[in-house]
**Q** 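Just passing along the structure, written as structure tokens.
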Amino acid sequence: MTEQARRAVASHSTYQEAERAVDHLADQGSPVQKVAITGQDMRPVEQVIGRMGYGEAALHGAATGALPGVLVGRIFGLLNWLNPVVSGLLLALYGLIFGAVVGALLGVLLHAAQGGRRNFASVRSMEPSRYDVVVDEDVADEAVRLVAGLDSRADANTESASSKGGRPRSESSKRRLTSPAHPRPTRTHCWRPHPSEARSHLTRALA
């Protein structure tokens with residue numbers, strides 16, 4: 001049985017965009033069982049989650065060693081034919097304590113052996129740089145047409161939003177924006193005669 005030939009009809013930088021394209025194909029009645037999303041150009045990504053000191057190394061080692069200790073203790077407890085329930089629980093508890101202690105010691109020793117070169121904790125994963133929407137060759141032409149319609153609709157919505165946001169203001173709105181909210185009060189000057197001039201005027205009036 002030969003594998004069905006496929007063609008990439010769209011390429012997106014995020015998985016959400018590729019998911020939206022497949023959802024659009026499903027809404028348009030396209031046979032989605034012939035569609036797949038594939039990640040391309042896989043690259044390693046190491047996400048730093050925090051600082052790693054001796055205390056953090058001990059806690060991480062204890063959490064890592066506790067679960068195997070419980071499992072080993074439980075297995076040894078089930079092999080006891082006399083009282084399997086009690087012995088199983090007790091051995092599981094002992095295994096938890098023993099595994100946590102051993103894991104904490106190993107975590108501290110490994111951290112000390114690194115000599116301070118890696119004082120952080122991280123999570124490693126593989127992430128693609130882009131996501132391709134691929135379809136079977138027999139429905140590729142129709143899928144290309146439908147995906148092109150989705151892209152043109154998205155471009156039209158973007159242009160409409162940009163035109164609404166960049167609409168020029170009217171002259172009245174400009175005047176309202178440029179005019180001060182509180183007009184400055186005008187300062188009036190009152191003329192006051194000199195006291196000597198006032199006395200001379202008063203003397204002439206009495207004469």
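Values reported hereafter were calculated over all heavy atoms of this structure, with side chains retained and with hydrogens, waters and symmetry mates removed. Fair warning: this is a prediction, and the values are worked out from it, not measured in the lab. Just so you know, residue 1 is the first one in the sequence shown, and it goes up from there.
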**Q** Which residues end up grouped with Val123 if you chain together Ile, Leu, Val, Met, Phe, Trp and Tyr wherever their side-chain heavy atoms are less than 4.5 Å apart?
**A** Ile49
**Q** I'd like to check the side chain to side chain contact (heavy atoms under 4.5 Å, CB included) partners of Arg130; sequence neighbours left out, ordered by chain and number.
**A** Ser11, Gln40, Asp41, Asp132
**Q** Members other than Met52 in its cluster, when Ile, Leu, Val, Met, Phe, Trp, Tyr link by side-chain heavy atoms under 4.5 Å?
**A** none
**Q** So, do Val133 and Val147 sit near enough that their side-chain heavy atoms are less than 4.5 Å apart?
**A** no
**Q** Tell me, please, which residues at least two apart from Glu142 pass side chain to side chain contact (heavy atoms under 4.5 Å, CB included).
**A** Arg145, Leu146
**Q** Considering non-hydrogen atoms only, spot the tightest contact between Ala57 and Gly107 and give its length.
**A** CB-O, 3.6 Å
**Q** Would you mind listing the cluster partners of Val134? Hydrophobic ones only (ILVMFWY), side-chain contacts under 4.5 Å, chaining allowed.
**A** none
**Q** Where is the tightest heavy-atom contact between Pro128 and Gly39, given as atom of each residue plus distance?
**A** CB-CA, 3.7 Å
**Q** Indicate the atoms forming the closest heavy-atom contact of Ala21 with His12, along with that distance.
**A** CB-NE2, 3.8 Å
**Q** Any side-chain hydrogen bond (donor to acceptor under 3.5 Å, both in side chains) pairs touching residues 100-117, not counting sequence neighbours?
**A** none
**Q** Considering residues at least two apart in sequence or located in another chain, which fulfil the ring-ring contact (aromatic ring centres under 6.0 Å, His included) criterion with Tyr94?
**A** none
**Q** Provide the closest heavy-atom pair for Ala140 versus Val135 in the form atom of the first, atom of the second, distance.
**A** CA-CG2, 3.5 Å
**Q** What's the spacing between Arg20 CZ and Leu25 CG if we round to 0.5 Å?
**A** 11.5 Å
**Q** Could you give all pairs that pass the side-chain hydrogen bond (donor to acceptor under 3.5 Å, both in side chains) test and reach residues 47-64, with sequence neighbours left out?
**A** none
**Q** Indicate, with yes or no, if Val139 and Val22 share a hydrophobic cluster defined by side-chain heavy-atom contacts under 4.5 Å among Ile, Leu, Val, Met, Phe, Trp and Tyr.
**A** yes
**Q** Using every non-hydrogen atom in the two residues, find where Thr14 and Tyr131 come nearest and quote the distance to one decimal.
**A** C-CD1, 3.5 Å
**Q** Is it true that Val9 and Tyr15 fall in one hydrophobic cluster, defined by side-chain heavy atoms closer than 4.5 Å?
**A** yes
**Q** Who pairs with Phe120 by side chain to side chain contact (heavy atoms under 4.5 Å, CB included), at least two apart in sequence or on another chain?
**A** Glu46, Val48, Arg118, Ser122
**Q** Return the set of residues passing ring-ring contact (aromatic ring centres under 6.0 Å, His included) with Phe98 (not counting sequence neighbours), or none when no residue passes.
**A** none
**Q** For residues Ala66 and Leu96, report the shortest heavy-atom separation together with the two atoms involved.
**A** CB-CD1, 3.4 Å
**Q** What's the spacing between Met42 CE and Met126 CE if we round to 0.5 Å?
**A** 5.0 Å
**Q** Sort and list the pairs that fulfil salt bridge (charged side-chain N to carboxylate O under 4.0 Å, His left out) and have at least one residue in residues 21-35, not counting sequence neighbours.
**A** Lys34-Asp138
**Q** Is it possible for you to say whether Val144 and Ile37 belong to one hydrophobic cluster, with membership spreading through side-chain heavy-atom contacts below 4.5 Å?
**A** yes
**Q** For Val32, enumerate each residue passing the side chain to side chain contact (heavy atoms under 4.5 Å, CB included) test, keeping only those at least two apart in sequence or located in another chain.
**A** Ala26
